[in-house]
K.L.:
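Take a look at this one; I'll ask things after.
Please read all numbers here as calculations on a predicted model, not as lab measurements. No hydrogens, no waters, no symmetry mates; every other heavy atom, side chains included, goes into these values.
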Amino acid sequence: MLIRKTHSVASDGKGEGIAMPNVHRRTFLKYAGMGAAILTAGSISSCSSDDDDDGTGVSLGNGDVAVLNYAFALEQLEAAFYTQVVATPYSGISAVELDLLTDIRNHEIAHREFFKKALAGSAIPSLAVDFSTVNFTSRDSVLATAKAFEDLGVSAYNGAGRYIKTADYLVLAGKIVSVEARHAALIRDLISNGSFATDTDANGLDYVRTPAEVFAIAGTYIKTVINANTLPK
């Protein structure tokens, strides 16, 4: 079920509130208390041990906290992007498309706020983003970027699952990645009707990216320098 907006959010991604019915909010927040974390975006090295924090950029923290902050960073990016999309709709956008993209925005804001609350004092700060390469007046540019972000998110969650030690967190990641996958399917259909199930591997499986691969792509849009060296191996 898509979450319907209840009020607008600021274009800078700093939402005025979580735009979702209370039932959805309770479902997300029941998992709060997962631990602490730290994260910020920018660069990432290939090594990843708890002792590898060299003090460069915003640290993701250690262990499961690092993984959760990794997810928090990506949710911040997606929430900021869709907030801008809804605030400045592209030329010729239909009412249906705006409604659907608003639903996705609300999901991403809910994900972002969920991680922020769950990580509490260990949460990384708000990231500075740069969408200068996106033409928000162009449907093609917006949907192509949306597709890239959704695919990035799905592959990132798939790739991070192996690092999670706590079973409850793995369940949580599965619940979120399935929502991200529905977003990816919808965006594909908006680009080309009927293409929702394309782009899987030969076994019909979604792709996997390592944190290094994810940040190599996300770094185009995230100005804040992120030190993800402490992500679990």
Side-chain angles (χ1 to χ4, degrees), residues 1-29 71-117 126-157 175-200 206 217-218 220-222:
M1 177 184 295
L2 294 173
I3 298 173
R4 297 289 171 183
K5 65 178 179 179
T6 56
H7 60 276
S8 63
V9 297
S11 60
D12 63 359
K14 298 178 180 177
E16 298 168 8
I18 299 176
M20 58 182 178
N22 288 338
V23 62
H24 296 88
R25 182 181 176 83
R26 286 196 299 271
T27 301
F28 276 113
L29 297 185
F72 180 38
L74 296 177
E75 296 296 351
Q76 286 193 50
L77 177 63
E78 291 184 306
F81 169 71
Y82 285 108
T83 295
Q84 184 64 45
V85 169
V86 172
T88 57
Y90 50 75
S91 178
I93 192 171
S94 69
V96 171
E97 289 179 342
L98 181 58
D99 197 33
L100 292 170
L101 291 169
T102 301
D103 285 331
I104 295 177
R105 178 202 66 180
N106 293 346
H107 283 166
E108 304 299 0
I109 290 174
H111 293 168
R112 181 195 67 196
E113 294 302 306
F114 164 71
F115 281 112
K116 183 177 181 180
K117 287 180 178 294
S126 297
L127 303 178
V129 297
D130 179 2
F131 296 131
S132 60
T133 59
V134 182
N135 180 359
F136 284 94
T137 68
S138 165
R139 183 178 187 273
D140 288 347
S141 178
V142 167
L143 294 184
T145 305
K147 177 177 177 293
F149 281 180
E150 297 299 345
D151 288 351
L152 185 68
V154 171
S155 62
Y157 276 102
K175 288 185 173 184
I176 294 179
V177 73
S178 62
V179 175
E180 301 293 348
R182 280 184 274 157
H183 294 171
L186 172 60
I187 295 298
R188 277 178 168 71
D189 253 8
L190 291 179
I191 294 172
S192 179
N193 189 36
S195 65
F196 67 95
T198 60
D199 294 342
T200 61
D206 268 320
I217 298 171
T220 300
Y221 308 98
I222 301 175

K.L.:
Between F131 and T145, is any pair of side-chain heavy atoms under 4.5 Å apart?
P.N.:
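F131 does not reach T145 side chain to side chain.
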K.L.:
Give a yes or no on whether the backbone of S192 and the side-chain of S195 come within a donor-acceptor separation of less than 3.5 Å.
P.N.:
yes
K.L.:
So how far is it from E97 CD to Y90 OH, rounded to the nearest 0.5 Å?
P.N.:
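So the CD of E97 and the OH of Y90 are separated by 3.5 Å.
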K.L.:
Under 3.5 Å, is there a donor-acceptor pair between the side chain of S155 and the main chain of L152?
P.N.:
yes
K.L.:
Between I176 and Y157, what is the shortest heavy-atom contact and its length?
P.N.:
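Taking every non-hydrogen atom into account, CG2-OH, 3.3 Å.
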K.L.:
Quick check: closest heavy atoms across F149 and E78, and the distance to 0.1 Å?
P.N.:
O-OE2, 3.4 Å
K.L.:
Looking only at heavy atoms, what is the nearest atom pair of A146 and Y82, with distance?
P.N.:
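Looks like CB-OH, 3.4 Å.
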K.L.:
Measuring from E113:CD to Q76:CD, what's the distance to the nearest 0.5 Å?
P.N.:
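E113 atom CD to Q76 atom CD measures 9.0 Å (nearest 0.5 Å).
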K.L.:
Could you give the distance from CG (L77) to OH (Y221), rounded to the nearest 0.5 Å?
P.N.:
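Rounded to the nearest 0.5 Å, the CG-OH separation comes out at 8.5 Å.
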K.L.:
Show the numbers, then the answer: is there a salt bridge (Lys or Arg N to Asp or Glu O under 4.0 Å) between D103 and R182?
P.N.:
CA-CA 12 Å; D103 285 331; R182 280 184 274 157; over 6 Å; no
K.L.:
Distance-only, no hydrogens or angles: does the D130 side chain make a donor-acceptor pair with backbone N or O of I222 under 3.5 Å?
P.N.:
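No; zero donor-acceptor contacts below 3.5 Å.
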K.L.:
Show, in sequence, the C-alpha distance, side-chain angles and deciding distance for D199 and R188, and conclude whether the side-chain contact (heavy atoms from CB on, under 4.5 Å) test is met.
P.N.:
CA-CA 10 Å; D199 294 342; R188 277 178 168 71; 2.9 Å; yes
K.L.:
Indicate the ring-plane relationship of H183 and H111, choosing parallel, tilted or perpendicular according to the 30° and 60° boundaries.
P.N.:
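Parallel, since the angle between the ring planes stays under 30°.
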K.L.:
Please report the closest heavy-atom contact between T102 and L98, naming both atoms and the distance.
P.N.:
OG1-O, 2.6 Å
K.L.:
First locate atom CG of D189, then atom CG of L100, and finally report the distance between them rounded to the nearest 0.5 Å.
P.N.:
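CG of L100 is found 10.0 Å from CG of D189.
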K.L.:
I'd like to know whether CZ of F196 has more than 12 heavy-atom contacts from other residues, nucleotides or ligands below 6.0 angstrom.
P.N.:
no
K.L.:
Can you see which heavy atom on A218 is nearest to which on L74, and at what distance?
P.N.:
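Smallest interatomic distance, heavy atoms only, reads CB-CD2, 4.5 Å.
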K.L.:
Measure the spacing between CD1 of I191 and NZ of K147 and express it to the nearest 0.5 Å.
P.N.:
6.0 Å
K.L.:
What is the distance from atom CG of L186 to atom CG of L143, rounded to the nearest 0.5 Å?
P.N.:
9.5 Å
K.L.:
Quick check: closest heavy atoms across T200 and D206, and the distance to 0.1 Å?
P.N.:
CG2-OD1, 4.5 Å
K.L.:
Indicate yes or no: at least one non-hydrogen side-chain atom of I187 is less than 4.5 angstrom from one of I104.
P.N.:
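Result yes, sub-4.5 Å side-chain heavy-atom pair found.
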